[in-house]
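This report refers to the structure that appears directly beneath it.
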2 protein chains.
Amino acid sequence: MKIVGVNIKRVREDRGMTLRSLSREVNVSASFLSQIETGKASPSLVTLKSIADALSTTVGNLIGEGQKVSDNPIVRASERTRLQEAGKGVGIYLLTSQDANKQMEPLLFKLSAKANSGGVSYKHFGQEFVLVLKGAIEITLNDSMYVLRKGDSIYFNSNVPHEFRNIGNEEAEAIWVITPPTF
Amino acid sequence: MKIVGVNIKRVREDRGMTLRSLSREVNVSASFLSQIETGKASPSLVTLKSIADALSTTVGNLIGEGQKVSDNPIVRASERTRLQEAGKGVGIYLLTSQDANKQMEPLLFKLSAKANSGGVSYKHFGQEFVLVLKGAIEITLNDSMYVLRKGDSIYFNSNVPHEFRNIGNEEAEAIWVITPPTF
DNA sequence: AAATTTGTTAAATAATACTTGACAGAGCCG
DNA sequence: CGGCTCTGTCAAGTATTATTTAACAAATTT
């Protein structure tokens, strides 16, 4: 876990902070911070969280979670990969190349008229963002129902039970970004 | 840092794993895992990373980073907030309500003809996803230049220097999702 | 009902997180 | 120049805690 040190140092210097000024906010000695940054010591979880807070970043970023993604970053409109596991009338397309180190998974949903999520309520950690490009989609979170039309967007935690349904008579499209990637 | 325990337990049971089967993959004792799950002990960073790997999730998720977002998840197309700090000819609109616990920040970029990022190369941790909705946008990553047209998308690390430019004569629009939120 | 498997606990140890104090180098000001 | 304050780093010590071993009762299995 040596990467955490160089990341902390980098962000700290970005913020224009000194070891001692950071140590005051984190409530550890400047010496210890130095040892962490040089890889000679490793902080506890709570200390690392304090450091992340003081640097206004996240633990995930400090430990290098989701760094270095694919070399070929582009996905053209004409060459999207379609996911197999989608339900009836539900087409899901990848908007990135498959890569282990992504923090989020951007998808394009194409729902034919009246198509829906099929009653399966996904539950996993993470968050989701949906922006409707075409048509009208009804999204149910827990007990709340929302109707999203072109340009409307929604943001929610993945662990609340959620379902969706195309309520229009035409095909509906939406950008759907989830974190972390599950595909 | 008690939350890490209940999260581990939750994911482990989701995966249908037992304390001992998990302990075999993580190379710690099942007893220790139990102490972690019940909040009586706290794992070291490397151990937590091993646990996250074995459960195919991330450390960030296990420590509850970016849980519980806003109560009002919806942003209507007509009521988006515009960011002030945008440059000349560059309109940036929030696609979520402001909230401290988001893992990603979805934005809508509207670039008038020939508008560009102004030579500022942002550098911070995280990743970015861009999908062009309208027009043609040229994005430069390090030394590579990419032209994105309607429906094309790109995914890259925020720490590589990047710039953008509307190369068309009409207004261009793009969905721009960054992680972690900086606004 | 024996046997295996589940999660949990107590106690002991091995490891390491963290502090104190001191150091050399760099910048600054008189 | 000489003193002053700041920087980051290091060595050695202490205190904390991460982790193990072994044993336990409650479920499950056979």
Side-chain angles (χ1 to χ4, degrees), chain A residues 1-65 67 123-125 159, chain B residues 1-65 67 123-125 159:
Chain A
M1 210 82 269
K2 193 171 183 183
I3 185 69
V4 65
V6 328
N7 282 344
I8 291 175
K9 176 165 189 162
R10 173 175 173 176
V11 178
R12 175 178 63 82
E13 291 176 343
D14 249 35
R15 303 277 191 274
M17 299 181 86
T18 163
L19 283 177
R20 281 175 174 80
S21 71
L22 179 59
S23 86
R24 239 168 283 130
E25 290 196 41
V26 181
N27 278 321
V28 294
S29 68
S31 165
F32 185 44
L33 287 178
S34 168
Q35 297 174 46
I36 292 171
E37 287 191 354
T38 54
K40 293 179 179 58
S42 170
S44 74
L45 254 185
V46 297
T47 302
L48 184 59
K49 180 71 166 67
S50 297
I51 293 174
D53 287 345
L55 296 174
S56 39
T57 182
T58 65
V59 171
N61 277 318
L62 288 184
I63 69 176
E65 224 151 42
Q67 298 299 113
K123 62 168 180 180
H124 47 95
F125 284 113
N159 54 9
Chain B
M1 210 82 269
K2 192 170 186 184
I3 185 68
V4 64
V6 327
N7 283 343
I8 290 174
K9 175 165 190 162
R10 173 176 174 175
V11 178
R12 175 178 63 81
E13 291 176 342
D14 250 36
R15 302 277 190 275
M17 301 180 85
T18 163
L19 282 176
R20 281 176 175 78
S21 71
L22 179 59
S23 85
R24 239 168 283 128
E25 290 196 38
V26 181
N27 279 321
V28 294
S29 67
S31 164
F32 185 43
L33 287 178
S34 168
Q35 297 175 48
I36 292 171
E37 287 190 353
T38 54
K40 294 179 179 56
S42 170
S44 74
L45 255 184
V46 296
T47 302
L48 184 59
K49 180 70 167 67
S50 298
I51 294 173
D53 287 346
L55 296 174
S56 39
T57 181
T58 64
V59 171
N61 277 319
L62 289 184
I63 68 175
E65 224 151 43
Q67 298 299 113
K123 63 167 180 180
H124 47 94
F125 283 112
N159 54 9

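To find a chain, count down the sequence lines: A is the first, B the second, and so on, and within it residues start at 1. Below, all heavy atoms of this structure are taken into account, side chains as well, without hydrogens, waters or symmetry copies.
Of the residues near DNA chain D, Arg20(B) and Val46(B), the one whose nearest nucleotide (by heavy atom distance) lies more toward the 5' end is Val46(B). Along DNA chain C, the nucleotide nearest Ser44(B) and the nucleotide nearest Lys9(B) are compared for position; the residue whose nucleotide lies closer to the 5' end is Lys9(B).
The shortest distance between side-chain heavy atoms of Ile51(A) and Val28(A) does not fall below 4.5 Å.
Going from atom CG of Leu48(B) over to atom P of dA17(C) covers 14 Å, rounded to whole Å. Separating the CG atom of Leu19(A) from the C1' atom of dT20(C) is a distance of 16 Å, rounded to the nearest angstrom. The CD1 atom of Ile8(A) sits 14 Å away from the C1' atom of dA17(C) (whole-angstrom rounding).
The footprint of chain A on DNA chain D, defined by a heavy-atom cutoff below 4.0 Å, extends from dT7(D) to dA11(D).
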Report task. For Ile8(B) and Leu33(B), run side-chain contact (heavy atoms from CB on, under 4.5 Å): C-alpha distance rounded to whole Å, both residues' side-chain angles, the deciding distance at 0.1 Å, then the answer. Result -> CA-CA 9 Å; Ile8(B) 290 174; Leu33(B) 287 178; 5.7 Å; no
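A distance of 12.5 Å separates CG in Asn7(B) from NZ in Lys9(B), rounded to the nearest 0.5 Å. Atom NZ of Lys2(B) and atom CD1 of Ile36(B) lie 14.0 Å apart (nearest 0.5 Å).
Ser44(B) and Thr47(B) share a side-chain donor-acceptor pair at under 3.5 Å.
Among the heavy atoms of the strands lying under 4.0 Å from Ser29(A) is at least one base atom, whether or not backbone atoms are also near.
Within the structure, the side-chain hydrogen bond (donor to acceptor under 3.5 Å, both in side chains) test picks out the following pairs touching residues 25-43 of chain B (sequence neighbours left out): Arg12(B)-Glu37(B), Ser31(B)-Gln35(B).
Of the candidates Thr58(B), Val59(B), Ile63(B), Asn61(B) forms a side-chain contact (heavy atoms from CB on, under 4.5 Å) with just one, namely Thr58(B).
Ion pairing between Asp14(B) and Arg10(B) fails under the 4.0 Å rule for side-chain N and carboxylate O.
Nucleotides dA24(C) and dG13(D) place their C1' atoms 22 Å apart, quoted to the nearest Å.
Contacts between residues 31-43 of chain A and DNA chain D, defined by a heavy-atom separation under 4.0 Å, are made by Ser31(A), Ser34(A), Gln35(A), Thr38(A), Lys40(A).
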